[in-house]
Engineer: 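Right, I'll just put the structure down here and ask away after.
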Amino acid sequence: LAVVRVGGGRSKFARRERWGVIVDRTGVVVAGGRSTRFGDREKALAEIGEEPMLRRVVTTLGTVADEVVVNCRPDQRAAFEGALRGVDPTVRFALDDETDEGPLAGLHTGLAAADTELVVVLGCDMPLADADALSTRVERGRATDADAVVPTMAGGPEPLHAVYRGGPAREAAAATRGAGQRSLRALLERLRVHGISVGDTVPAQSVTSVDTRARLRELRAETESGGR
């Protein structure tokens, strides 16, 4: 696994051609949060079906992207690298220079490491993300002039289950943080967003996030009975 440290700028290691392969789409996993509601365990390493959530998410992204970038804190990298050993897609790490700045900062770091036209983003706590739904979103991203294709629910958009156009998203993330804003919705306000209703081409379970241990137990029971 190659390691890249990315600050506010774009990584010099992120190129359209890497190891002789043209890279067109990058997957980004945002995994650097402290997961305070999850207790003292590392949420990304909690297992669903005997597999860490992080590994499940990376594997899913690997079906729709040419490589996957995992954003995390420097102190998480060793454990994450171990959990991803032998995983199929090419994986790089984009390490936060400043920790505990929230998911927007993590997304910005991941976007800065992805020098491709399209960037497919997932949170590390979405182990049931649907590859077909993500693929459909990628195609919509190509077909529209939107900067982001984002699923929407009753509670609003889900920015960590979305497809972004790399250049505009990087610029918007930098501008949002520069304005002192930390929310992902503030980022979306700076972008042309194409919304997709959950239940349309996005299965509800695909956007399920695991924020607490109680939710983890529920999801384990659901997947055991459903076979996923």
Side-chain angles (χ1 to χ4, degrees), residues 24-33 44 53-54 56-58 60-71 94 101-179 181-211 215:
D24 174 59
R25 290 166 289 180
T26 303
V28 168
V29 183
V30 179
M53 289 197 291
L54 175 64
R56 289 175 69 104
V57 170
V58 167
T60 298
L61 280 175
T63 66
V64 297
D66 302 292
E67 67 169 5
V68 176
V69 171
V70 175
N71 157 252
E101 291 293 306
L104 173 59
L107 175 58
H108 185 200
T109 300
L111 288 168
D115 192 15
T116 52
E117 178 188 3
L118 297 177
V119 183
V120 188
V121 174
L122 284 177
C124 69
D125 59 353
M126 294 184 169
L128 301 185
D130 185 84
D132 289 338
L134 289 172
S135 181
T136 297
R137 214 162 311 146
V138 167
E139 294 311 312
R140 289 205 185 182
R142 293 187 190 282
T144 72
D145 61 356
D147 299 321
V149 181
V150 184
T152 58
M153 302 173 288
E158 181 44 81
L160 294 184
H161 194 294
V163 174
Y164 294 89
R165 207 168 291 280
R170 281 187 288 269
E171 294 173 6
T176 304
R177 297 182 67 195
Q181 297 173 295
R182 298 182 56 171
S183 77
L184 290 167
R185 292 194 182 187
L187 166 69
L188 294 183
E189 290 174 357
R190 295 176 181 269
L191 297 171
R192 295 171 299 176
V193 176
H194 177 78
I196 301 179
S197 298
V198 170
D200 179 7
T201 59
V202 184
Q205 69 172 7
S206 185
V207 296
T208 297
S209 60
V210 182
D211 295 323
R215 186 67 187 106

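Computed from a prediction, not measured in an experiment: that's the story for all the values here. Values below: every heavy atom of this structure, side chains too, minus hydrogens, waters and symmetry copies. FYI, the numbering just counts along the sequence from 1.
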Engineer: Which pair of heavy atoms, one from A94 and one from V69, lies closest together, and at what distance?
Structural biologist: CB-CG1, 3.6 Å

Engineer: Which residues pass the side chain to side chain contact (heavy atoms under 4.5 Å, CB included) test with T63, not counting sequence neighbours?
Structural biologist: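 Once residues adjacent in sequence are excluded, the partners of T63 under the side chain to side chain contact (heavy atoms under 4.5 Å, CB included) criterion are A131.
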
Engineer: Among residues at least two apart in sequence or on other chains, which ones pass side-chain hydrogen bond (donor to acceptor under 3.5 Å, both in side chains) with R215?
Structural biologist: E218

Engineer: With a 3.5 Å distance limit and no angle check, can you tell me whether R170 reaches the backbone of A114 through a side-chain donor-acceptor pair?
Structural biologist: yes

Engineer: Side chain of D125, backbone of D211: donor and acceptor closer than 3.5 Å?
Structural biologist: no

Engineer: Calculate, to the nearest 0.5 Å, the distance between atoms CD and CZ belonging to E117 and R142 respectively.
Structural biologist: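 Those atoms lie 6.0 Å apart.
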
Engineer: Between C124 and V29, does the side chain to side chain contact (heavy atoms under 4.5 Å, CB included) criterion hold? Intermediate values first, please.
Structural biologist: CA-CA 6 Å; C124 69; V29 183; 3.9 Å; yes

Engineer: Please give me the minimum heavy-atom distance between R185 and G155, naming the atom from each residue.
Structural biologist: NH2-O, 2.5 Å

Engineer: If you round to the nearest 0.5 Å, how far is CG of L61 from CG of D66?
Structural biologist: 11.5 Å

Engineer: Sub-3.5 Å donor-acceptor pair from the side chain of R165 to the main-chain atoms of G141, do we have one?
Structural biologist: yes

Engineer: Testing L184, V163, L160 one by one against V121 for a side-chain contact (heavy atoms from CB on, under 4.5 Å), which residue passes?
Structural biologist: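 Result: among L184, V163, L160, L160 is the only option passing the side-chain contact (heavy atoms from CB on, under 4.5 Å) with V121.
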
Engineer: Would you find a donor on one side and an acceptor on the other, under 3.5 Å apart, between the side chain of R182 and the backbone of L104?
Structural biologist: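 Side chain of R182 to backbone of L104: no pair is present.
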
Engineer: Rounded to the nearest 0.5 Å, how far does CZ of R25 lie from CG of L118?
Structural biologist: 7.5 Å

Engineer: Verify, without hydrogens or angle tests, whether H161 (side chain) and A129 (backbone) share a donor-acceptor contact under 3.5 angstrom.
Structural biologist: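 Checking the backbone N and O of A129 against the side chain of H161, no donor-acceptor pair under 3.5 Å is found.
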
Engineer: In Å, rounded to the nearest 0.5 Å, how long is the span from CG of L191 to OG1 of T176?
Structural biologist: 7.5 Å

Engineer: Please assess L122 against L134 for the test side chain to side chain contact (heavy atoms under 4.5 Å, CB included), listing each intermediate value before the final yes or no.
Structural biologist: CA-CA 10 Å; L122 284 177; L134 289 172; 4.0 Å; yes

Engineer: Could you tell me whether the side chain of E158 reaches within less than 4.5 Å of the side chain of M126, counting heavy atoms only?
Structural biologist: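 M126 reaches E158 side chain to side chain.
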
Engineer: Do Q181 and L187 come close enough that some side-chain heavy atom pair is under 4.5 Å?
Structural biologist: no

Engineer: Looking only at heavy atoms, which two atoms of H194 and A146 are closest? And how far apart?
Structural biologist: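 Looking at all heavy atoms of both residues, the shortest contact is CB-CB, 3.7 Å.
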
Engineer: Do side-chain atoms of N71 reach the backbone of L107 as a donor and acceptor pair under 3.5 angstrom?
Structural biologist: no

Engineer: For A162 versus P159, what's the shortest heavy-atom pair and its separation?
Structural biologist: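 Taking A162 first and P159 second, the nearest heavy atoms are CB-O, 3.7 Å.
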
Engineer: Does R192 reach the main-chain N or O of D145 with its side chain, forming a donor-acceptor pair under 3.5 Å?
Structural biologist: yes

Engineer: Might you point out which heavy atoms bring R190 and A172 nearest each other, and give the distance in Å?
Structural biologist: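 Taking R190 first and A172 second, the nearest heavy atoms are CD-O, 3.7 Å.
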
Engineer: Within a strict 4.5 Å, meaning less than it, do heavy atoms of the Y164 and T26 side chains meet?
Structural biologist: no

Engineer: Check V207 against P151 and note the closest heavy-atom contact, atom names and distance.
Structural biologist: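 Answer, listing the atom of V207 first, then P151: CG1-CG, 4.2 Å.
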
Engineer: If we ignore hydrogens and angles and just use 3.5 Å, is the side chain of R137 paired with the main-chain N or O of V120 as donor and acceptor?
Structural biologist: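 Not a single qualifying donor-acceptor pair exists.
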
